[in-house]
*Asks:* 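Have a look at the structure that comes next, please.
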Amino acid sequence: MTRAEAASTINLGLAGRVVLVTGGVRGVGAGISSVFAEQGATVITCARRPVEGLPYEFHACDIRDEEAVKSLIDSIVERHGRLDVVVNNAGGSPYVLTAESSPKFNRKIIELNLIGGLLVSQFANDKMQDQPGGGSIVNICSLSGRRPSPGTGAYGAAKAGLESLTQTLAVEWGPKVRVNAVVVGMVETEQSELFYGDAESIAAISKNVPLGRLAQPQDIGWAVAFLASDAASYISGASLEVHGGGEPPHYLATTTASAIK
C-alpha cells in the first residue's frame with residue numbers, strides 16, 4: 001500500500017469543521033488545505049492573490065492589515081456560523097543576506113511571518129471563545145527559527161517568535177482554544193529549486209534526511225490536521241517537529257571518527 005493509499009483510510013473526525021488556512025493556495029499551504037478538504041472540512045483560504053482552479057472558498061487578504069484581517073474573520077463567521085480551526089501558514093522570505101537587507105525589508109518580513117499570524121489569531125480567538133467547542137489554532141513554524149538562517153535572518157527570527165507566541169497563547173486562551181505549532185523542515189514544493197536547486201541537488205540533499213526524502217506538502221497537512229482534531233484534545237502549547245528525522249550535524253560529513261579503531 002502506498003503512502004497516499006494508507007492516508008486515504010485515515011479519518012480524523014474533521015468532517016464539517018470550518019477551517020481557515022492562510023496562504024493556503026500554494027506550496028505547503030495548498031497541501032494543508034487539501035488534507036482538510038479530503039477529511040470533509042469546509043476549507044477557506046486567503047492570500048493576496050487567488051490561484052486559478054483551486055476548489056476552496058477564497059478571500060483576498062493581506063494578513064498584515066488589521067482591518068482586512070478583522071473583515072476576513074467576520075465574513076467567515078457570518079457566512080458559516082463559526083470558525084473551528086485556523087492554520088497560520090502565510091509567510092516566507094526571499095534570500096537576502098542580513099548585511100544587505102534594508103530596515104523596510106526586515107520590517108515587512110517580520111510583519112508577514114509573526115505579526116500577521118498574531119493578528120489572525122487574535123481575531124479568531126475572539127470568535128472561538130464564544131462558540132461551543134472553542135477552537136484550535138496551528139502555527140506553521142520552521143527549523144529556521146531554531147538554527148542559523150543565513151540569507152533569511154529576519155524570517156528565522158520571526159519564526160522563532162511565532163513558536164514562542166504559540167506557548168503563550170496556549171496558556172492565555174485555554175481551555176476553550178488550543179494553540180500548537182508545527183515546526184517544518186525541508187519541503188519539496190513548486191518553488192523548491194529556489195532553495196534546494198535542481199532535481200539532482202534535491203536528490204543529494206534528500207540523502208542527508210534520515211527518512212531519505214524531503215517532505216511533501218501533504219505530509220505537513222496531516223500533522224496539522226492531527227493537531228486540529230479531537231485526537232489531540234489534550235495537546236496545547238506544543239511544537240510538533242515534521243522534518244523526516246532532522247538535519248545531521250555538518251561535521252558528520254567530514255569526520256574520520258568512524259575510521260578510528
Side-chain angles (χ1 to χ4, degrees), residues 1-10 12 21-39 45 47 51 54 87-96 109 112-113 117 138-160 162-163 166 180-228 238-254:
M1 181 182 293
T2 66
R3 288 196 303 271
E5 290 170 338
S8 69
T9 67
I10 298 172
L12 291 172
V21 183
T22 68
V25 297
R26 294 182 178 84
V28 169
I32 295 169
S33 295
S34 69
V35 170
F36 276 104
E38 290 168 9
Q39 289 289 301
T45 64
V51 171
L54 291 182
V87 184
N88 284 310
N89 166 76
S93 173
Y95 182 94
V96 179
I109 294 301
L112 175 61
N113 290 281
V138 182
N139 294 321
I140 304 303
C141 298
S142 171
L143 288 179
S144 294
R146 295 185 169 186
R147 55 158 170 71
S149 187
T152 52
Y155 170 83
K159 287 299 188 182
L162 186 61
E163 188 173 357
T166 298
N180 290 292
V182 171
V183 181
V184 179
M186 295 182 288
V187 185
E188 189 171 359
T189 69
E190 62 269 26
Q191 293 187 316
S192 292
E193 70 280 357
L194 298 178
F195 301 96
Y196 311 126
D198 59 17
E200 184 177 349
S201 177
I202 290 174
I205 292 171
S206 297
K207 293 179 180 178
N208 292 321
V209 179
L211 290 188
R213 63 181 179 88
L214 272 60
Q216 296 297 312
Q218 283 203 336
D219 291 321
I220 312 305
W222 282 110
V224 174
F226 162 70
L227 287 175
S239 293
L240 176 58
E241 299 171 2
V242 184
H243 52 33
E247 301 172 16
H250 293 299
Y251 78 85
L252 290 179
T254 55

*Asks:* Within the distance-only criterion (no hydrogens, no angle test), does the side chain of T22 pair as donor or acceptor with the backbone N or O of N89 below 3.5 angstrom?
*Replies:* yes
*Asks:* List for me each residue that meets side chain to side chain contact (heavy atoms under 4.5 Å, CB included) alongside I10, sequence neighbours excluded, and say none if there are none.
*Replies:* L12, W222
*Asks:* In chain order, what residues pass the side chain to side chain contact (heavy atoms under 4.5 Å, CB included) check against A215, with sequence neighbours excluded?
*Replies:* V187, D219, I220
*Asks:* Ignoring hydrogens, what is the shortest heavy-atom contact between H243 and G185? Give both atom names and the distance.
*Replies:* CB-CA, 4.0 Å
*Asks:* What heavy-atom pair brings A223 and L240 nearest, and what distance separates the two atoms?
*Replies:* CB-CD2, 3.9 Å
*Asks:* Using 0.5 Å steps for rounding, measure from the CD1 atom of I205 to the CD atom of E200.
*Replies:* 11.0 Å
*Asks:* Under the salt bridge (charged side-chain N to carboxylate O under 4.0 Å, His left out) rule, collect the residues that match up with E38, sequence neighbours excluded.
*Replies:* none
*Asks:* Checking T166 now: which residues fulfil side chain to side chain contact (heavy atoms under 4.5 Å, CB included) with it, not counting sequence neighbours?
*Replies:* N139, V179, A181
*Asks:* Drop me the distance from R146's CZ to E241's CD, to the nearest 0.5 angstrom.
*Replies:* 4.0 Å
*Asks:* With a 4.5 Å limit on heavy-atom distance, are the side chains of I140 and V184 in contact?
*Replies:* yes
*Asks:* Looking at residues at least two apart in the chain, or sitting in another chain, which of them share a side chain to side chain donor-acceptor pair (under 3.5 Å) with S144?
*Replies:* S142
*Asks:* Could you report the tightest heavy-atom contact between A225 and F36, atom names first, then the distance?
*Replies:* CA-CZ, 3.7 Å
*Asks:* Could you tell me whether the side chain of T45 and the main chain of V25 form a donor-acceptor pair under 3.5 Å?
*Replies:* no
*Asks:* Report yes if the side chains of L227 and V182 come closer than 4.5 Å at any heavy-atom pair, otherwise no.
*Replies:* yes
*Asks:* Would you give the length of the straight line joining atom CD1 of I202 to atom CE of M186, rounded to the nearest 0.5 angstrom?
*Replies:* 10.5 Å
*Asks:* Can you name the nearest heavy-atom pair linking P217 to T189, along with the distance?
*Replies:* CG-CG2, 4.1 Å
*Asks:* Side chains of V87 and S33: does their closest heavy-atom pair fall under 4.5 Å?
*Replies:* no
*Asks:* List in chain and number order the residues that pass salt bridge (charged side-chain N to carboxylate O under 4.0 Å, His left out) with R147, two or more places apart in sequence or in another chain; answer none if no residue qualifies.
*Replies:* E247
*Asks:* Considering non-hydrogen atoms only, spot the tightest contact between S239 and V183 and give its length.
*Replies:* CB-CG2, 3.9 Å
*Asks:* Can a donor-acceptor pair be found, under 3.5 Å and without considering hydrogens, that links the side chain of N113 to the backbone of G92?
*Replies:* yes
*Asks:* Would you name the heavy atoms of P94 and I109 that are closest together and state the gap between them?
*Replies:* CD-CD1, 4.1 Å
*Asks:* Can you tell me how far the SG atom of C141 sits from the CG atom of N180, to the nearest 0.5 Å?
*Replies:* 10.5 Å
